[in-house]
Amino acid sequence: MTPIPNLAPSALPVDAAEGVQHPLEPSGAEMRRLVEAALARIVSHVESLPSQPSLAVEGAVELARSLAEPLPEVGTPLPALLDLLFDRAIPASFNAAGPGYLAYIPGGGLFHAAVADLIADAVNRYTGVFAAAPALSQLEANVVAWLAEIVGYPREARGFLTSGGSLANWTALVTARRERLPENFLSGVLYASGETHHSVQKAALLAGFPPGNVRRLPTDERFRILPPALEEAIVADRRQGLTPFLVVGNAGTTNTGAVDPLAELAAIARRHGLWFHVDAAYGGFFLLTEEGRRVMRGIEQADSIVLDPHKGLFLPYGTGALLVQDGAALKRAHTVPADYMPPIQEDPDLVDFCEISPELSKPFRGLRVWLPVKLLGIAPFRAALEEKLALTRWATEALRAIPGIEILAEPQLSIVAFRLHPPAWKDLPAAERNRRNRELLDRINARKRVMLTGTLLGDCFALRICVVSFRTHQDRMEACLADIRAAVLEMTEMTGIDG
Ligand SMILES: *Cc1c(COP(=O)(O)O)cnc(C)c1O
């Protein structure tokens with residue numbers, strides 16, 4: 001250890017009455033004041049989440065425009081900044097952390113993870129290379145190993161935390177390309193169902209493939225890929241001189257939560273020498289439940305899997321993950337040596353994250369997973385996911401009991417898709433039926449207790465209930481169903497029972 005040099009008093013930060021000499025280095029008392037001032041606002045905000053409106057974006061665009069400003073030369077006192085955030089900017093949004101957020105794929109926002117982020121950011125240790133913080137790198141490696149355990153991967157699996165599922169899908173796709181295609185890869189073709197998340201298409205473009213190299217395959221009546229169509233497409237492309245290299249399976253689509261027949265896809269990929277990737281960004285953590293393991297049987301046969309801890313593990317946004325069964329493949333795809341780098345570990349058990357991922361300097365994301373899981377154990381996460389599955393089943397039965405409601409996608413995990421389609425609307429043009437269902441959605445959301453979103457299933461507009469938030473419980477589902485019933489009644493009264 002180098003001895004700490006004896007600093008001249010003038011080099012020390014002073015919190016003098018006439019002003020702070022080093023404003024970038026708050027004193028201990030100042031640090032406490034900063035955190036306590038923020039904490040007071042944070043705690044009352046989080047405690048009021050259930051009573052906040054599910055969305056409040058009236059006037060939010062005007063507010064956004066009014067906030068544009070040039071680079072400030074001098075500072076503003078913290079209370080004014082906290083007021084701007086907590087009184088004006090934060091409320092003018094979808095209440096994405098609240099229990100009524102049943103839209104898109106809900107995120108999380110575990111408070112324990114926020115505490116971990118404060119620690120990680122404040123200590124700012126470097127976890128891009130093992131040598132710089134071996135023990136902290138190991139904690140992040142533990143997190144990856146836990147995720148590998150959840151999906152049923154062997155010890156040789158490796159992976160890393162990303163900012164989200166989109167980046168993880170992109171890295172998976174590049175890894176598959178590096179493993180299965182020559183340097184000139186433009187004849188490579190990848191296969192996914194038409195229900196696959198658009199981040200896969202985007203990943204293909206970013207990885208250098210022309211849009212035409214992505215095959216979007218048909219699905220069955222439950223929105224799962226049709227394996228025979230996949231096999232036919234592979235054979236036909238190969239006959240054309242193209243190079244099929246990747247199959248993407250879904251473990252929970254964004255539209256309906258559909259789970260492709262993963263074991264069958266694995267067998268086809270194996271038979272034809274293709275990389276098999278599973279996008280489990282939404283569905284993956286349901287593997288903690290018995291039901292989820294049954295539905296996603298075969299997922300452990302995938303060469304790579306994307307998970308989004310900021311969905312099913314209830315973490316704050318900015319936490320995705322990629323796992324690769326053969327960890328060495330990840331290393332082959334990402335290792336580029338440089339003379340100025342510190343030594344890289346030879347021991348295969350010790351992970352240099354920069355060697356297996358696109359990032360070098362990176363946030364210490366591992367801590368926001370590690371701290372909550374160590375603190376609480378995995379049991380409450382499993383229980384919360386079981387609760388989400390049960391709430392979705394309950395909502396589906398309650399929807400079925402509403403006259404005129406048609407279930408368009410029975411839940412495979414925690415999403416149910418439906419529409420209003422009373423017998424009297426049978427002869428309406430499809431566009432008019434869709435318009436009325438969009439209006440139904442607006443009327444449900446206008447009550448501001450829940451926020452639902454819709455999608456197109458084929459050319460049919462569907463409303464979705466997606467239950468992922470750890471804050472959503474039975475009381476909120478009952479409010480949701482009450483608001484749906486009331487909105488349905490308004491629609492049928494308005495259009496008259498005979499359309
Ligand atoms: C959310 C989602 C993604 C994209 O993940 P981000 O974390 O939003 O980047 C990809 N695939 C599926 C199935 C998803 O639900």
Side-chain angles (χ1 to χ4, degrees), residues 94 96-97 101-109 113 147 151 159-174 176 190-207 214 216-217 219 222-225 246-260 262 265 276-287 292 295-296 299 302 304-323 357-359 363 365 368-369 385 388 392 409 411-417 453-455 457 464-469:
F94 303 164
Y101 195 70
L102 307 168
Y104 307 107
I105 306 285
L147 301 184
V151 304
F160 55 91
L161 299 174
T162 68
S163 59
S166 298
L167 257 292
N169 271 330
W170 170 71
T171 320
L173 207 142
V174 172
L190 60 135
Y191 303 82
S193 89
E195 293 292 309
T196 301
H197 192 270
H198 70 282
S199 63
V200 170
Q201 176 85 27
K202 190 170 175 180
L205 293 179
L206 293 177
V214 182
R216 289 168 66 85
L217 297 164
T219 48
R222 299 199 67 195
F223 308 100
R224 299 169 301 197
I225 199 168
L246 169 66
V247 176
V248 178
N250 289 304
T253 62
T254 309
N255 266 346
T256 64
V259 179
D260 288 330
L262 301 176
L265 295 189
F276 178 37
H277 173 66
V278 171
D279 182 355
Y282 152 64
F285 286 102
F286 287 104
L287 287 164
V295 175
M296 290 180 272
I299 192 169
S304 54
I305 302 174
V306 161
L307 298 170
D308 251 348
H310 63 204
K311 292 175 180 164
L313 214 55
F314 318 127
L315 292 177
Y317 290 121
T319 327
L322 172 65
L323 301 173
S357 77
E359 290 181 313
R365 293 190 187 95
R368 55 156 64 176
V369 189
L385 289 161
K388 303 310 122 183
T392 314
Q412 293 174 49
L413 292 167
S414 70
I415 300 174
V416 56
T453 48
T455 189
L457 299 178
R464 297 159 69 259
I465 298 177
C466 180
V467 194
V468 179
S469 170

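Fair warning: this is a prediction, and the values are worked out from it, not measured in the lab. We count ligands from 1, going down the list as the structure has it; atoms in each ligand are counted the same way.
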* Looking at residues at least two apart in the chain, or sitting in another chain, which of them share a side chain to side chain contact (heavy atoms under 4.5 Å, CB included) with L206? -> W170, K202

* Asked: Can you name the closest pair of heavy atoms from H277 and V306 and give their distance?
  -> CE1-CG2, 3.4 Å

For ligand 1, list all ligand N or O to protein N or O distances below 3.5 Å, rounded to 0.1 Å.
| residue | atom | partner | partner atom | Å |
| --- | --- | --- | --- | --- |
| ligand 1 | 5 (O) | G165 | N | 3.4 |
| ligand 1 | 5 (O) | S166 | N | 3.4 |
| ligand 1 | 5 (O) | D308 | OD2 | 3.1 |
| ligand 1 | 7 (O) | G165 | N | 2.7 |
| ligand 1 | 7 (O) | D308 | OD1 | 3.4 |
| ligand 1 | 7 (O) | D308 | OD2 | 2.6 |
| ligand 1 | 7 (O) | H310 | NE2 | 2.8 |
| ligand 1 | 9 (O) | G165 | N | 3.3 |
| ligand 1 | 9 (O) | S166 | N | 2.8 |
| ligand 1 | 9 (O) | S166 | OG | 2.6 |
| ligand 1 | 11 (N) | D279 | OD1 | 3.2 |
| ligand 1 | 11 (N) | D279 | OD2 | 2.6 |
| ligand 1 | 15 (O) | T254 | OG1 | 3.2 |
| ligand 1 | 15 (O) | K311 | NZ | 2.8 |

* Counterpart residues, salt bridge (Lys or Arg N to Asp or Glu O under 4.0 Å), relative to E359 (two or more places apart) -> R365

* Specify the closest pair of heavy atoms between L413 and G252, including all atoms of both residues, with the distance to one decimal. => CD1-CA, 4.0 Å

* To do: Over all heavy atoms of both residues, which pair between A113 and P316 is shortest? Give the atoms and the distance, please.
  => CB-CD, 3.4 Å

* To do: Just jot down the side chain to side chain donor-acceptor pair (under 3.5 Å) partners of Y101, sequence neighbours excluded, or say none.
  => none

